[in-house]
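Some notes on the structure that comes next.
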Amino acid sequence: MENGITKKQSAVLQGVAILMMVYHHLFSFAVEYDSLLPFMQADTARKIAWLCKLCVGIFAFVSGYGMYYVMQRQDGERFGGRLLAQYRESLRRIARLYGKMWLVLAVYMVLFFGILKQPFMPEQFPGNLTAFNPTYNGAWWYVEQYGKILLTLPLLDLFLTRFEQPEQRRVKRTFFLALVLAGAAVMAIGLFWRRELWNLTLAFIRSMRVSFLLIAIVGYLTARYALYQRADRQLRRLGGWAPVCVSVALLVFSVALRVYLATDAAYAKIDFLLTPLLIFGLLTLLDYVKPLCVFLAWWGRQSTYIWLVHGFVFGFLYLVVKPLVRLDIGVYLAVLLVSAAVALLFRLLEKLLVKLPGRLCAVCKRQAKE
């Protein structure tokens, strides 16, 4: 951790998160859990699944952490130029995720509505296309949240960035003052004259899902102020087993407190505080187990498509596999492995589609020469 979170470590964290996500979605509402282990019953499985909701926090934290370094590569001399460059990059990343989701959506619609001839409801299509109301796959709600995170972080980065030229500092002050005044005006108009505007404002604030937005912001701040690097240096100065002992303590504390406080499957109120502690402890300990890091990094590289497809997989697969196994962990492994296989197929399909325009152009050029 002396250099912060690397790309490989980000993949490791995403691997941990996707393994947690599949368990969370399978067993958050378990009413029975057929296990050979006497202590592993439905209530225990549910609590573990509720704890695994931290997977969203890990994804959000990694996004915020990585975006700091992405934004630092943008033009830093002029406020307007930096603003445009950062939003251009954010929109590019959002579009790339939506492209993956639309690929899954297209295949799903062909299979479900085309081949299986299931009834198609046109009014549901816009909500699934935008991920604003994903009825086909509830896990897609985070696509919208990811977009909101990437549209919010540039404002925070610009607010914290100090510009050398006095003119650019004035532009920055004017921009944020105008932003604050515009927000205050909208709220005042809604509160005193247009109640529907006030209700719309409250709905917009709720839709931001502040619990998860805060985690991404904490990830960004952790990267900006090198908090992990500083903590790592302090622990290494103590020498010996201090980093391991502190990391174990952080893991035990964050897990125990999260289990104690969680009241339902969607609980996330203090995840913005617990997620960075959990991640620091995980990465410090995993650094001593390199083979496990390789294993988790592989899952991390498949995590986007596993997230996008596993909801389709486990609904049917759970019914097929459940009668055949005694331990519900067998169901979990089956869903995980099939989801990974489907994810690999989608990655291959994506590569083929990306290369297709270039190949078509090459063919056209050859035909033109002939």
Side-chain angles (χ1 to χ4, degrees), residues 1-23 52 54-74 89-90 92-94 96-97 100 142 146 149-150 153 215-236 242-244 246-248 250-251 254-255 271 274-308 310 336-337 339-341 343-344 346-348 350-351 354:
M1 293 289 286
E2 57 184 337
N3 297 316
I5 300 177
T6 64
K7 287 185 177 181
K8 182 177 179 181
Q9 287 175 320
S10 294
V12 169
L13 289 173
Q14 289 169 334
V16 172
I18 201 61
L19 297 180
M20 294 171 69
M21 179 182 288
V22 173
Y23 194 92
C52 287
L54 277 167
C55 64
V56 181
I58 294 174
F59 281 124
F61 185 93
V62 170
S63 295
Y65 194 98
M67 277 303 292
Y68 165 74
Y69 292 102
V70 170
M71 291 187 289
Q72 296 317 296
R73 296 198 295 263
Q74 311 306 319
E89 179 61 26
S90 292
R92 187 184 70 82
R93 289 172 176 267
I94 294 170
R96 188 166 62 186
L97 178 57
K100 294 177 185 293
Y142 189 72
Y146 178 79
I149 288 171
L150 263 61
L153 288 179
I215 300 173
I217 290 173
V218 170
Y220 167 87
L221 294 175
T222 301
R224 185 179 185 91
Y225 297 108
L227 299 183
Y228 280 172
Q229 294 92 313
R230 295 180 182 183
D232 184 74
R233 284 196 297 269
Q234 292 299 323
L235 289 175
R236 289 181 184 278
V244 174
V246 171
S247 297
V248 171
L250 289 176
L251 281 177
S254 55
V255 168
D271 285 0
L274 297 182
T275 302
L277 301 181
L278 182 79
I279 286 176
F280 183 85
L282 272 175
L283 290 181
T284 302
L285 294 177
L286 285 172
D287 193 47
Y288 294 92
V289 194
K290 299 297 184 182
L292 183 57
C293 288
V294 174
F295 172 79
L296 292 171
W298 184 88
W299 285 97
R301 289 191 291 273
Q302 323 310 322
S303 62
T304 300
Y305 274 121
I306 293 178
W307 156 44
L308 292 173
H310 78 279
L336 199 60
L337 292 174
S339 298
L344 288 172
F346 270 105
R347 287 188 66 185
L348 179 61
E350 181 187 5
K351 288 180 180 179
V354 169

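Using a 4.5 Å heavy-atom cutoff, the side chains of Ile215 and Ile149 are not in contact. Contact of the Tyr146 side chain with the Arg93 side chain is registered, since non-hydrogen atoms from C-beta on lie closer than 4.5 Å. Using a 4.5 Å heavy-atom threshold, the side chains of Phe59 and Trp307 count as separate. Using a 4.5 Å heavy-atom threshold, the side chains of Leu278 and Leu250 count as separate. The side-chain heavy atoms of Leu292 and Phe295, taken from C-beta on, include a pair separated by under 4.5 Å. Between Ile18 and Met21, some side-chain heavy-atom pair lies under the 4.5 Å cut-off. The shortest distance between side-chain heavy atoms of Val218 and Thr275 does not fall below 4.5 Å.
Considering all non-hydrogen atoms of both residues, Leu153 and Gly64 come closest at CD1-CA, 3.8 Å. Residues Ala17 and Cys55 come closest through the heavy atom pair O-CB, 3.2 Å. Nearest approach of Tyr65 to Ile5, heavy atoms of both residues: OH-N, 3.1 Å. Minimum interatomic distance between Pro243 and Thr284 (heavy atoms only, all atoms of both residues): O-CG2, 3.9 Å. Considering every non-hydrogen atom in both Met20 and Cys52, the closest pair reads O-CB, 3.3 Å. Contact detail for Ala343 and Gln302: the closest heavy-atom pair is CB-O, 4.1 Å.
A salt bridge is absent between Arg347 and Glu350; no separation between the charged side-chain nitrogens and carboxylate oxygens falls under 4.0 Å.
Scanning for side chain to side chain donor-acceptor pair (under 3.5 Å) contacts around Arg230 gives an empty result, with sequence neighbours left out.
Here the straight-line distance linking atom CD of Gln234 with atom CD of Gln229 works out to 13.0 Å at 0.5 Å rounding. To the nearest 0.5 Å, atoms CG (Leu150) and CD (Glu89) are separated by 8.5 Å. The line from OG of Ser247 to CD1 of Ile279 is 13.0 Å long, rounded to the nearest 0.5 Å. Note that OG of Ser254 and CG of Asp271 are 10.0 Å apart. Values are rounded to the nearest 0.5 Å. Atom CG in Leu13 sits 9.5 Å away from atom SG in Cys293 (nearest 0.5 Å). The CG atom of Leu296 sits 11.0 Å away from atom NZ of Lys8, with the distance rounded to the nearest 0.5 Å.
A donor-acceptor pair under 3.5 Å is formed between the side chain of Tyr228 and the backbone N or O of Pro276. No donor-acceptor pair closer than 3.5 Å links the side chain of Thr222 to the backbone N or O of Leu227.
For residues 288-308, the salt bridge (charged side-chain N to carboxylate O under 4.0 Å, His left out) pairs, not counting sequence neighbours, are Asp287-Lys290.
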